[in-house]
Asker: 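Okay, here's the structure, questions in a sec.
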Amino acid sequence: MRSLVLDFQEMEKTQLWLVGGKGLHLGKLSKIEGIQVPEGFCVTTVGYQRAIEQNETYHALLGRLTMLKAEDRDQIGEISRKIRQTIMDIEIPPDVVTAVTHYLSRFGKEHAYAVRSSATAEDLPHASFAGQQDTYLNIIGVDAILQHISKCWASLFTDRAVIYRMQNGFDHSQVYLSVIVQRMVFPQASGILFTADPMTSSRKVLSIDASFGLGEALVSGLVSADGYKVREGDIVDKRIAAKTLAIYGRKEGGTETKQIDPDQQKTQTLTDEQILQLARIGRQIEAYFGQPQDIEWCLAHDTFYIVQSRPITTLYPIPEASDQENHVYISVGHQQMMTDPIKPLGLSFYLLITSAPMRKAGGRLFVDISAMLASPVGRDALLTLGRSDPLIKDALETIIERDFINLVPTEDKERSPGNRGKGKSSAGVQAQFEHDPAIVSDLIKSNQASVEELKYNIQAKSGSDLFDFILEDIQQLKKILFDPRSTSVFMAAMDASEWINEKMMKWLGEKNAADALSQSVPHNITSEMGLALLDVADAIRPYPEVIEYLQHVKDDPFLDELPKFEGGQEARDAVQAYLNKYGMRCAGEIDITRTRWSEKPITLVPLILNNIKNFEPHESNRRFEQGRREALQKEQDLLYRLKQLPDGEQKAKETKRMIDLVRNFIGYREYPKYGYINRYFVYKQALLKEAEQLVQVGVIHDKADIYYLTFEELHEVVRTHKLDYRMINKRKDEYKLYEKLTPPRVITSDGEIIAGEYKRENLPVGAIAGLPVSSGVIEGRARVILNMEDADLEDGDILVTSFTDPSWTPLFVSIKGLVTEVGGLMTHGAVIAREYGLPAVVGVENATKRIKDGQRIRVHGTEGYIEIL
């Protein structure tokens, strides 16, 4: 009988598979001193398995269900309905009936009970499954309870539960159901308590929803609830709702909805004293489970009863800190245009390269800016840098207004990291470069020579020597990346660009004038990469057999097959030459573990075919020349108009100097990253050779498993040939969890996500605001694309995506406008959009959800908003 039914006190921590997530949590809750949990028991999963194991109809239907995908809604609905009916028709095994009857006689057969489902895949740390199975309230009598146990079993196959499992990768046949039978409490009030604020994620703020009667009215959306917020023992916010209805239990069983007395409708559900008492209970439960909780409670006879507690699975993890002080963190992913999680090897490589105070959370990196916020100069520097991303700037201003980080007065002469004086680049640096554009060619040649030397020297390295060699070479990479000459070159161009925008607005009333001047500049490795793929299309275009083959190719050794077709050798050479120059790139390239184009050339095939379909031959030259002409025209136009002004000759002379700085040097902005990604690929290829050795001697199962080790851990595995695979498996599970999280731009050590806002006036009704980064207005079809490989673009489409890094540039030749959720004035997408002359708006919150694929939209790249037409 013990394995068929367990009361809450009999449950052990290891029995998730017997009682499900909800049942296990109730068992734990009932053991916390001072916490009131209505008594009850669980019909374990053994009873459910006994009921279904011999039923052929059930297993046949389950087999059919397993073949479906989450999109097959109609078939899911039909098969799920048949499974539910099959389960309802199965007789409950006699020993289960005996066990349930025995426990009911212990607790009192005459009492009313809640009968609720508890699945083995429920209330888990990474998937709550909240509301996926059914609950029945106020059930009286053995027969009625047994009937509702069958109903709970059947609810494992509601459409929503089936689809949720498919979306979260759970096997239907491996998820079982336990049923909780719990004494009913007939409350005067009930509701939900979150021990972290669900709106801001702050771990210091508890959020309570409360309404009269049973909590089902609140959960089902039948009533508006009161909302209370408590911070460190004080009620900081109260919202009293008009509560017109409530659900109550009936004496004969079941529930009914009643109208609330008009005098009571706007009264506070809980007194202030009760709110604070409930908050203390919440903190006690949270401390017991060791993480923020979503708690269902009810109040009866002035006693709070807890009927459920589950982990809150949607909170973004807080970056780790070594002290209890307040900290503020800024997302690196939003600066680098890559907000996906990074695998451990990728994280550790990034940490080897940077000297900034980095912290990890949710598989992403954050910079701890607390020290900068503590100094006046640091604050100024942060707000200056924040201009390129107004959402971050606004969030920082909110934090400064709150005095979240105390200001430490410092002497005026202090210069914070990242602070660049306004006058510095405008004078000294510009004078240093403006007569010597060859500095860019020199920097590029020096970088290329360094990479070639690395490729040669690394060939002889293996084992521990390889790891020591890479660590040494990273010092060389850091020298190149942080070379003051290199930084000064593109900073001079960026400052000149800012100067032009400021002065042309003041003198000529023209907004973002530098955008048009940035088109078709020399030395922009990223925009050249997009145009070069048009040339690859030109090399393949004359050969119909090759095009036909590429349209149907499915796997990657396709390059070796090409020479079999007429023109195939020319096609192969063109693709190979492109890969030799750009093959180290890929989406999310700052993560060294990501698959590069050279490793999976088939990624480029749809882009090449798109170029063949959408463009005439020699399109790359035509585009570059057109951009160059438009920039020259804009330059002549501005200088002519300036000369008509008072002191016009001097204004035109200054402006010409700044235009030259932009045109000579802004293209180099993209090169340092290209150089460092080049090096990354050399390191990666060498490490994968070591991984092959580890596979051969049986230390790892798969080469890609090294991606779940840090650089230091991998070095140790290569040295010792020892590895605990549980760590790899744990990290793979964590990575899957991280993929579901959306990283915040700015987060505090309280876990609070500070979301900035665009301060805008006079936007058209319904317009979606963002940051204007490339001027112009364009209308077209929105193509919402989350994965570059899925792109099927036509000339004139507007690309809407979460972020673009340099690897997306080949798509830019096919589009007429760009909208991204992430980005700033100087991030890659913005720089390339300006160079290609594409109107672009970035930093648009939830753009990929608010704009639907195929909708006609208008992008206002000068003003920074989107209209859905």
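Predicted, not measured: the structure shown is a model, and the values here were computed from it.
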Asker: I'd like to know if the side chain of Ser598 and the backbone of Gly583 have a donor-acceptor N/O pair within less than 3.5 Å.
Answerer: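 Yes.
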Asker: Taking Thr354 for its side chain and Leu351 for its backbone only, find out whether a donor-acceptor pair lies under 3.5 Å.
Answerer: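 Absent.
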Asker: Hey, is CD on Glu320 packed in by over 12 heavy atoms from elsewhere, all under 6.0 Å?
Answerer: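 More than 12 heavy atoms, drawn from other residues, nucleotides or ligands, come within 6.0 Å of this atom.
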Asker: Take Lys461 and Asp468, measure what salt bridge (charged side-chain N to carboxylate O under 4.0 Å, His left out) needs, and give me the verdict at the end.
Answerer: CA-CA 9 Å; Lys461 308 295 177 188; Asp468 294 339; over 6 Å; no
Asker: Strictly by modelled atom types, are Tyr668 and Ser486 linked by a side-chain donor-acceptor pair under 3.5 Å?
Answerer: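 Short answer, yes.
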Asker: Less than 4.5 Å apart, any side-chain heavy atom of Thr526 and any of Tyr671?
Answerer: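 Thr526 vs Tyr671: side chains apart.
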Asker: Of all residues at least two apart in sequence or in a different chain, which pass the ring-ring contact (aromatic ring centres under 6.0 Å, His included) check with Tyr578?
Answerer: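 For Tyr578, the residues satisfying ring-ring contact (aromatic ring centres under 6.0 Å, His included) (neighbours in sequence not counted) are Tyr582.
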Asker: For the aromatic rings, using the six-membered ring if either is Trp, is the centroid distance between Tyr738 and Tyr735 under 6.0 Å?
Answerer: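 Centroid separation for Tyr738 and Tyr735: 6.0 Å or greater.
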Asker: What's the separation between atom OG1 in Thr595 and atom CD in Glu589, rounded to the nearest 0.5 Å?
Answerer: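 Reported to 0.5 Å precision, the distance equals 13.0 Å.
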Asker: For the pair Asp705 and Lys732, evaluate salt bridge (charged side-chain N to carboxylate O under 4.0 Å, His left out) and give the outcome as yes or no after the intermediate values.
Answerer: CA-CA 9 Å; Asp705 285 349; Lys732 284 181 178 178; 2.8 Å; yes
Asker: Checking Glu835 against Ser518: is there a side-chain donor and acceptor pair closer than 3.5 Å?
Answerer: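 Checked: Ser518/Glu835 side chains show no N/O donor-acceptor pair below 3.5 Å.
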Asker: Between Asn580 and Gln576, does any side-chain donor sit less than 3.5 Å from a side-chain acceptor?
Answerer: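 The criterion, which ignores hydrogens and geometry beyond distance, is satisfied for Gln576 and Asn580.
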Asker: Can you check whether Leu661 reaches Ile666 side chain to side chain, under 4.5 Å on heavy atoms?
Answerer: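 Of all side-chain heavy-atom pairs linking Ile666 with Leu661, none is under 4.5 Å.
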Asker: Are any of the side-chain heavy atoms of Gln685 and Ile458 separated by less than 4.5 Å?
Answerer: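 Not touching, per the 4.5 Å side-chain cut-off.
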Asker: For the residue pair His334 and Phe803, is the inter-centroid distance of their aromatic rings smaller than 6.0 Å?
Answerer: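 No, ring centres 6.0 Å or more apart.
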Asker: What about Phe467 and Phe711, are their ring centers closer than 6.0 Å?
Answerer: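 Centroid distance Phe467-Phe711: below 6.0 Å, so yes.
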Asker: Between Ile342 and Val332, is any pair of side-chain heavy atoms under 4.5 Å apart?
Answerer: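 In short, these two side chains do not touch, never coming nearer than 4.5 Å.
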Asker: Which heavy-atom pair separates Met337 from His828 by the least distance, and what is that distance?
Answerer: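 Where Met337 meets His828 most closely, the heavy atoms are CG-N, 4.4 Å.
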Asker: Show the nearest heavy-atom pair for residues Ala691 and Ile700, with the distance to one decimal.
Answerer: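 Smallest heavy-atom distance, with atoms named: O-CD1, 3.7 Å.
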Asker: Tell me, please, which residues at least two apart from His721 pass ring-ring contact (aromatic ring centres under 6.0 Å, His included).
Answerer: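 With sequence neighbours excluded, His721 shows a ring-ring contact (aromatic ring centres under 6.0 Å, His included) to no residue whatsoever.
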Asker: Any side-chain heavy atom of Phe665 within less than 4.5 Å of one from Ile439?
Answerer: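 Yes - at least one pair of side-chain heavy atoms lies under 4.5 Å apart.
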Asker: For the side chain of Ser497 and the backbone of Ala493, is there at least one donor-acceptor N/O pair under 3.5 Å apart?
Answerer: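 No: the side chain of Ser497 does not pair with the backbone of Ala493.
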Asker: Evaluate Thr809 against Tyr836 for side chain to side chain donor-acceptor pair (under 3.5 Å), listing each step before the verdict.
Answerer: CA-CA 10 Å; Thr809 305; Tyr836 282 0; over 6 Å; no
Asker: Hey, is the main chain of Phe558 close enough, under 3.5 Å, to the side chain of Glu561 for a donor-acceptor pair?
Answerer: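 No, Glu561 side chain to Phe558 backbone: no donor-acceptor pair under 3.5 Å.
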Asker: Say you draw a straight line from NZ of Lys343 to CD of Glu734; how long is it, rounded to the nearest 0.5 Å?
Answerer: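 Rounded to the nearest 0.5 Å, the NZ-CD separation comes out at 13.5 Å.
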Asker: Does Asp805 reach the main-chain N or O of Gly588 with its side chain, forming a donor-acceptor pair under 3.5 Å?
Answerer: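 Present.
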Asker: Pair Val440, Asn664 - check side chain to side chain contact (heavy atoms under 4.5 Å, CB included), show working.
Answerer: CA-CA 8 Å; Val440 171; Asn664 287 332; over 6 Å; no
Asker: Nearest heavy-atom pair of Ile728 and Leu723: which atoms, and what distance?
Answerer: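 Of all heavy-atom pairs spanning Ile728 and Leu723, the closest is CG1-CD2, 4.1 Å.
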Asker: Report the residue from Arg364, Arg594, Lys740 that forms a salt bridge (Lys or Arg N to Asp or Glu O under 4.0 Å) with Asp340.
Answerer: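 Answer to the salt bridge (Lys or Arg N to Asp or Glu O under 4.0 Å) test with Asp340 among Arg364, Arg594, Lys740: Arg594.
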Asker: Measure across Gly829 and Leu818 and return the closest heavy-atom pair with its distance rounded to 0.1 Å.
Answerer: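 Of all heavy-atom pairs spanning Gly829 and Leu818, the closest is O-CD2, 4.0 Å.
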Asker: For Ser620 and Leu531, work out which heavy atoms get closest and say how close.
Answerer: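 Here Ser620 and Leu531 meet closest at CB-O, 3.4 Å.
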Asker: Any side-chain heavy atom of Leu477 sitting closer than 4.5 Å to one from Tyr676?
Answerer: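 When only atoms from C-beta onward are counted, Tyr676 and Leu477 do touch, with a gap below 4.5 Å.
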Asker: My understanding is that only one of Arg719, Arg731, Lys722 makes a salt bridge (Lys or Arg N to Asp or Glu O under 4.0 Å) with Glu713; could you say which?
Answerer: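 Among Arg719, Arg731, Lys722, the one meeting salt bridge (Lys or Arg N to Asp or Glu O under 4.0 Å) with Glu713 is Arg731.
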Asker: Mark yes when over 12 heavy atoms from residues, nucleotides or ligands other than Gln324 sit less than 6.0 Å from its CD; otherwise mark no.
Answerer: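 Atom CD in Gln324 is not crowded, with 12 or fewer foreign heavy atoms closer than 6.0 Å.
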Asker: Could you tell me whether Glu692 and Lys689 have a side-chain N and a carboxylate O separated by less than 4.0 Å?
Answerer: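 Judged by the 4.0 Å cut-off on N to carboxylate O distance, Glu692 and Lys689 do not form a salt bridge.
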Asker: Does one side chain, of Asn610 or Ser814, offer a donor that lies under 3.5 Å from an acceptor on the other?
Answerer: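 Side-chain D/A pair, Asn610 to Ser814: absent.
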Asker: Please work out which of the three classes, parallel, tilted or perpendicular, describes the rings of Tyr680 and Phe349, given edges at 30° and 60°.
Answerer: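 Perpendicular, since the angle between the ring planes exceeds 60°.
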Asker: Is the count of non-hydrogen atoms from other residues, nucleotides or ligands lying under 6.0 Å from Lys360 atom NZ greater than 12?
Answerer: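 It does not: Lys360 NZ has 12 such atoms or fewer within range.
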Asker: Is there a side chain to side chain contact (heavy atoms under 4.5 Å, CB included) between Ile480 and Ser450? Walk through the geometry before answering.
Answerer: CA-CA 9 Å; Ile480 294 168; Ser450 174; 3.6 Å; yes
Asker: So which heavy atom on Gly363 is nearest to which on Leu347, and how close?
Answerer: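 Shortest heavy-atom contact: O-CD2, 4.0 Å.
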Asker: Hey, does the side chain of Arg623 reach the backbone of Val813 with a donor-acceptor pair shorter than 3.5 angstrom?
Answerer: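 Between the backbone of Val813 and the side chain of Arg623 there is a qualifying donor-acceptor contact (under 3.5 Å).
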Asker: Is there a donor-acceptor pair closer than 3.5 Å between any side-chain N or O of Glu690 and the backbone N or O of Gly463?
Answerer: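 Checking the backbone N and O of Gly463 against the side chain of Glu690, a donor-acceptor pair under 3.5 Å is found.
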Asker: Looking at Thr710, is its backbone amide N or carbonyl O close enough to the side chain of Ser348 to form a donor-acceptor pair, meaning the two atoms are under 3.5 Å apart?
Answerer: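 Answer holds: no.
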Asker: For Leu559, is there any backbone N or O sitting under 3.5 Å from a side-chain donor or acceptor partner on Arg572?
Answerer: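 Checking the backbone N and O of Leu559 against the side chain of Arg572, a donor-acceptor pair under 3.5 Å is found.
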Asker: Taking only residues two or more places apart in sequence or in another chain, which ones pass ring-ring contact (aromatic ring centres under 6.0 Å, His included) with Phe624?
Answerer: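 Scan of Phe624 (ring-ring contact (aromatic ring centres under 6.0 Å, His included), adjacent residues dropped) gives none.
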Asker: Evaluate side chain to side chain donor-acceptor pair (under 3.5 Å) for Asp573 paired with Gln569, printing each intermediate quantity in order.
Answerer: CA-CA 6 Å; Asp573 292 346; Gln569 189 59 49; 3.0 Å; yes
Asker: How many angstroms lie between atom CD of Gln459 and atom CG of Leu454, to the nearest 0.5 angstrom?
Answerer: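 Going from the CD atom of Gln459 to the CG atom of Leu454 covers 10.0 Å.
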Asker: Looking at Asn787 and Asp790, would you say the former's side chain and the latter's main chain have a donor-acceptor pair under 3.5 Å?
Answerer: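 It does not hold such a pair.
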Asker: Evaluate the criterion side chain to side chain contact (heavy atoms under 4.5 Å, CB included) for residue pair Gln551 and Leu609; output intermediate values, then yes/no.
Answerer: CA-CA 8 Å; Gln551 281 168 339; Leu609 292 172; 4.0 Å; yes
Asker: Between Glu821 and Thr848, do the side chains contain a donor N or O and an acceptor N or O under 3.5 Å apart?
Answerer: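 Per modelled atom types, Thr848 and Glu821 side chains form a pair under 3.5 Å.
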Asker: Please step through side chain to side chain contact (heavy atoms under 4.5 Å, CB included) for the pair Lys730 and Met727, ending with a clear verdict.
Answerer: CA-CA 5 Å; Lys730 178 172 176 277; Met727 180 168 71; 5.7 Å; no
Asker: Taking the side chain as every heavy atom from C-beta outward, state whether Ile706 and Leu688 have any pair of such atoms under 4.5 Å apart.
Answerer: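 Ile706 vs Leu688: side chains touch.
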Asker: Would you give the length of the straight line joining atom CD1 of Ile677 to atom SG of Cys586, rounded to the nearest 0.5 angstrom?
Answerer: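 Answer for the CD1-SG pair, Ile677 versus Cys586, is 7.5 Å.
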